[in-house]
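Beneath this line is the structure, given in structure tokens, with notes to follow.
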Protein chains: 4
Amino acid sequence: MNSDTENYARRGQLIEAAKEEFLEKGYNKASLRSICAKANMTTGALYFFFKNKEDLFDEIVSKPLEELKAILAEHFEEDKEFMTKITDISEGDIDHSDISDKIVDHIYSNYDSFLLLLSGSENTVFENCVDEFVDLTEKSFIQMMDESLKRMPGCEIDRYMSHWLAHITVDAFIHEIKHDKNVETARVRLRNIMNYLVHGWVTLTIVKK
Amino acid sequence: MNSDTENYARRGQLIEAAKEEFLEKGYNKASLRSICAKANMTTGALYFFFKNKEDLFDEIVSKPLEELKAILAEHFEEDKEFMTKITDISEGDIDHSDISDKIVDHIYSNYDSFLLLLSGSENTVFENCVDEFVDLTEKSFIQMMDESLKRMPGCEIDRYMSHWLAHITVDAFIHEIKHDKNVETARVRLRNIMNYLVHGWVTLTIVKK
Amino acid sequence: MNSDTENYARRGQLIEAAKEEFLEKGYNKASLRSICAKANMTTGALYFFFKNKEDLFDEIVSKPLEELKAILAEHFEEDKEFMTKITDISEGDIDHSDISDKIVDHIYSNYDSFLLLLSGSENTVFENCVDEFVDLTEKSFIQMMDESLKRMPGCEIDRYMSHWLAHITVDAFIHEIKHDKNVETARVRLRNIMNYLVHGWVTLTIVKK
Amino acid sequence: MNSDTENYARRGQLIEAAKEEFLEKGYNKASLRSICAKANMTTGALYFFFKNKEDLFDEIVSKPLEELKAILAEHFEEDKEFMTKITDISEGDIDHSDISDKIVDHIYSNYDSFLLLLSGSENTVFENCVDEFVDLTEKSFIQMMDESLKRMPGCEIDRYMSHWLAHITVDAFIHEIKHDKNVETARVRLRNIMNYLVHGWVTLTIVKK
DNA sequence: GATGAATGAGTGTTCATTCAT
DNA sequence: AATGAATGAACACTCATTCAT
């Protein structure tokens, strides 16, 4: 028990040191030597706790990332169900405040991890994680529109625009996290931005065939 | 003449090889040895043509970048003059098609250079070049609004939103270049997007004090 | 214990190899590759024990040098106190045998280090260490003469000559170390030389204004 | 004729540029590229005028050095003849002013060359040229004393001391050239120093068997 | 569990020299 | 007589990773 606790503590030191180093230098330029030194550990010790450099990075960013994915998946599922119940998209304007707040809260609860993911994950399996969110967002949108499009003959979705708007949507969160550390401010701003983007979804993505 | 052509060719080979390597791996991870090998040259030869790694990168991206800056500077100057002549912003809606096309054309004429600048310039003097364009764009916008704001007492500009919109504006071009190699398509799309963004400038950035 | 001894031994091998290489080629031309090869080590291993090339050099010469400085500082302090007690410089001729012996003993106890310092420290922080000793020596002399000069109106010190004599004094030790490995012989010779130099201090450095 | 003159001029430019570079960086660290650039020449051109790096260095220092050797050789020859004519060394005190002045004048007429020889000739065939002068000086002294020693039974020369004094003698010139650019001052100082050194020759080098 | 020593391939850069033209 | 392009080995230094202890 005692040694378990100790190990846990040492592992934690390593993770904290790694966060610091990765945030400062990015994945590529971060030095394991330097991380171990910061954590008052030898280089060899690191390899007891983690498989390699990427595994250490993974440890920091993986869980918060998966959780965010789960939050989104759940939301998209709800949206899907919602869409089957309504008959017209303009009828009940979708309120994004709820999901927007949830995302903001989660990101800001794992501030360092997401900053790392967004700015320092080059040469990592996570380097394209933003793209994944963009894809998820776009798919969700398209799925939501499909029902409505049935009632709009002669119209289709411009995939470039839907992709760009998904990109902008995700990017708004990234921009926020990079420019403001205060979660309250972030919430308000992102609600406004999400509302503005709704216009985009309607005016830019739905085009005549 | 013959040897001039040859020299020019070898230098060109080097630049082409460098483009390839830099695009593939980014500035940091690109290896001069690898570049020289691709260009069928020894490492020493590179240093006859270029001062160092950064100079080689510079050779690829610097000129197109400076030209783009010049195009923007000229445009912003025209905008400034234009604003002094009109009395109301809504009166003559600004047409962005012209500048948008110019930018697109220039970027697509130097496709690789801009791709490099945007994706692989970390640890280079160019690593913040996007920020520079965002700043330029925002300044230009604020300058354009200043006159109108005088006739809108009780209103001011939300600097976060103006910054974000400038960011989105610049990002739209970046997104385009990364997703589509066809200049014609790019022109059309960006005109549409620019028009959509005008709404943003008005609805998001002008707020009550 | 065993591994401690081994580690110590490997570090020692490196230092010995470095001494050899530095003595043979000087700091600049010495090759770390060559040093590591001599010590049956890879180049990377060196960087476990030492920060860089200069740190390795430092390890060899720094301690003996600092110790010599301390010996001199102590001696000069004693001289200073001594001078305040006597009334005439010719009255009690200063005996340099003691300090001369101390210096010789210290240098010969760290023979290689001083040889290195004197002949192979170009491009090192130590490259001007001889000048430092010359300055120290000259300052000490001038300080010693100041009291006597008060009783010799119309006289002053010729700074060029005092500097040259300080230079010769220091140089005598250097010359000795470079030409004779036997400490006993060195002691006797340097006593004689120091005595001869005393004449110089009196006849060359004190001049009429 | 014309092209000969041109070549001569280009060669001269190269030598001047080389002097500058060698003086600044020493032989080892001097870069032929840099020298050629200073002389507005291509690297290849240098190899038309000079065999290699050392040959270029040679060109700068060799002639003045040989001339100095000739001056000394002549002087030592005169001394030798002089010694055979006198019966006692104390009888006619040797006046060193003449030779000292000659040496000083020659050195100061080729200031840069000698500075180079003394400070920047490491890794050159000239790196030990000082030793040669010391040897010459010592030999000359011993030769001068031999006659006198015949009349001083039981006495011999202490070779260490004679060597050291020769070293000091030569070093006095070196010290002077490094510390003073004015030839007049140099002349006066070196006469004084030479006189002081005569004492050394007598008191330190002649010892009882 | 953890150490610390060691690896070995890798980095950008410099250099005197060569040689076809 | 001179160019300028090219060589290729050398340099100090860094790194993630390994492994006997």
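Proteins get letters first, then strands, A, B, ... in listed order; numbering begins at 1 in each.
Distance, A:Lys29 NZ to E:dT11 P: 14 Å, rounded to whole Å. Residue C:Leu14 contributes atom CG, which lies 13 Å from atom P of F:dA12 at whole-angstrom precision. Counting to the nearest Å, the P atom of E:dT13 and the CG atom of B:Leu56 are 10 Å from each other. Counting to the nearest Å, the P atom of F:dA1 and the CZ atom of D:Arg11 are 13 Å from each other. A straight line from CG of C:Asn28 to P of E:dT14 spans 16 Å, rounded to a whole angstrom. Spacing between atom CG of C:Leu46 and atom P of F:dC15 amounts to 16 Å, rounded to whole angstrom units. The CG atom of C:Asp55 sits 13 Å away from the C1' atom of F:dC13 (whole-angstrom rounding).
When the side-chain nitrogen and oxygen atoms of A:Thr42 are compared with OP1 and OP2 of E:dA2, none of them lie within a distance under 4.0 Å. Distances shorter than 4.0 Å separate some side-chain N or O of D:Arg10 from OP1 or OP2 on F:dT3. Considering only side-chain N and O atoms, C:Tyr47 lies under 4.0 angstrom from the phosphate OP1 or OP2 of F:dC13.
Of the candidates F:dT3, F:dC13, E:dT7, the closest approach to any side-chain atom of C:Asn52 belongs to F:dC13. Nearest nucleotide to the D:Phe48 side chain, out of F:dT14, F:dA2, E:dT11: F:dA2.
Between C:Glu122 and C:Lys29 there is no salt bridge, since no side-chain nitrogen of the basic residue lies less than 4.0 Å from a carboxylate oxygen of the acidic one.
The shortest distance between side-chain heavy atoms of C:Glu59 and C:Phe49 does not fall below 4.5 Å.
Heavy atoms of A:Thr43 sit under 4.0 angstrom from at least one base atom.
Nearest-nucleotide positions on DNA chain E place A:Gly44 closer to the 5' end than the other of A:Gly44 and B:Lys51.
One can find a donor-acceptor pair under 3.5 Å joining the base of E:dG12 and the side-chain atoms of B:Arg33.
Between C:Phe57 and C:Phe126, the angle of the ring planes lies from 30° to 60°, which puts this pair in the tilted group.
Side-chain contact annotation: C:Ser121 with C:Glu127, donor-acceptor N/O pair under 3.5 Å absent.
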